[in-house]
Amino acid sequence: AGSDALGRAGAIAMASLDDADDSAAEHGACDQDLKLRLEAMQARANRAEARAAEAEGRAEASDAARAAAQNLADRAAATQRGMALRLAQAEDELHAARDEAHAA
């Protein structure tokens with residue numbers, strides 16, 4: 001009877017160890033699953049951050065292009081005003097030369 005009880009106790013202990021191993025394996029699988037999920041979330045966060053930085057870079061480049069275009073437009077307008085002034089001066093000189101030619 002003692003050896004029978006000892007055998008049952010051994011069998012219970014072995015079953016408990018098997019259950020503990022199964023439980024540990026399940027926890028390990030859960031931990032691995034959580035780790036994989038966290039890594040995937042981190043990868044998505046990194047990609048989102050990279051896209052945000054890229055969009056910010058495009059916005060800065062767009063702002064720079066807009067500023068350069070405005071600078072060119074301002075320079076063209078100044079050149080046009082200068083040319084109009086020179087043209088008006090040339091027309092005045094032409095009229096003055098005609099007046100002198102008629103007076104002579």
Side-chain angles (χ1 to χ4, degrees):
S3 66
D4 192 37
L6 188 57
R8 282 195 305 268
I12 291 171
M14 291 301 291
S16 293
L17 284 175
D18 287 343
D19 287 346
D21 285 345
D22 290 346
S23 180
E26 287 174 12
H27 279 74
C30 287
D31 288 347
Q32 184 64 25
D33 185 48
L34 287 174
K35 183 178 177 184
L36 291 174
R37 286 182 185 184
L38 287 173
E39 288 173 358
M41 289 172 67
Q42 183 64 47
R44 284 193 299 270
N46 290 343
R47 286 191 302 270
E49 186 176 341
R51 284 192 304 270
E54 184 179 310
E56 185 177 338
R58 283 194 307 268
E60 288 173 3
S62 178
D63 289 345
R66 201 171 6 265
Q70 184 62 49
N71 185 29
L72 285 175
D74 292 346
R75 288 174 47 198
T79 300
Q80 187 177 18
R81 285 189 303 271
M83 290 178 75
L85 181 61
R86 283 192 289 277
L87 180 60
Q89 288 171 343
E91 287 176 348
D92 289 345
E93 290 174 8
L94 178 62
H95 290 301
R98 282 187 188 158
D99 291 345
E100 283 180 27
H102 287 298

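All values below were derived from every heavy atom in this structure, side-chain atoms included, with hydrogens, water molecules and symmetry-related copies excluded.
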Under 3.5 Å, which donor-acceptor pairs do the side chains of residues 41-53 form with other protein atoms, sequence neighbours left out?
unit_1, atom_1, unit_2, atom_2, d
Gln42, NE2, Asn46, OD1, 2.9
Asn46, ND2, Gln42, O, 3.4

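No more than 12 heavy atoms of other residues, nucleotides or ligands lie within 6.0 Å of CD in Gln80, so this atom counts as exposed by the packing criterion.
Between the CE atom in Met83 and the CG atom in Leu85 there is a gap of 11.5 Å [rounded to 0.5 Å].
Checked against side-chain contact (heavy atoms from CB on, under 4.5 Å), Arg66 has the following partners two or more places apart in sequence or in another chain: Ser62, Asp63.
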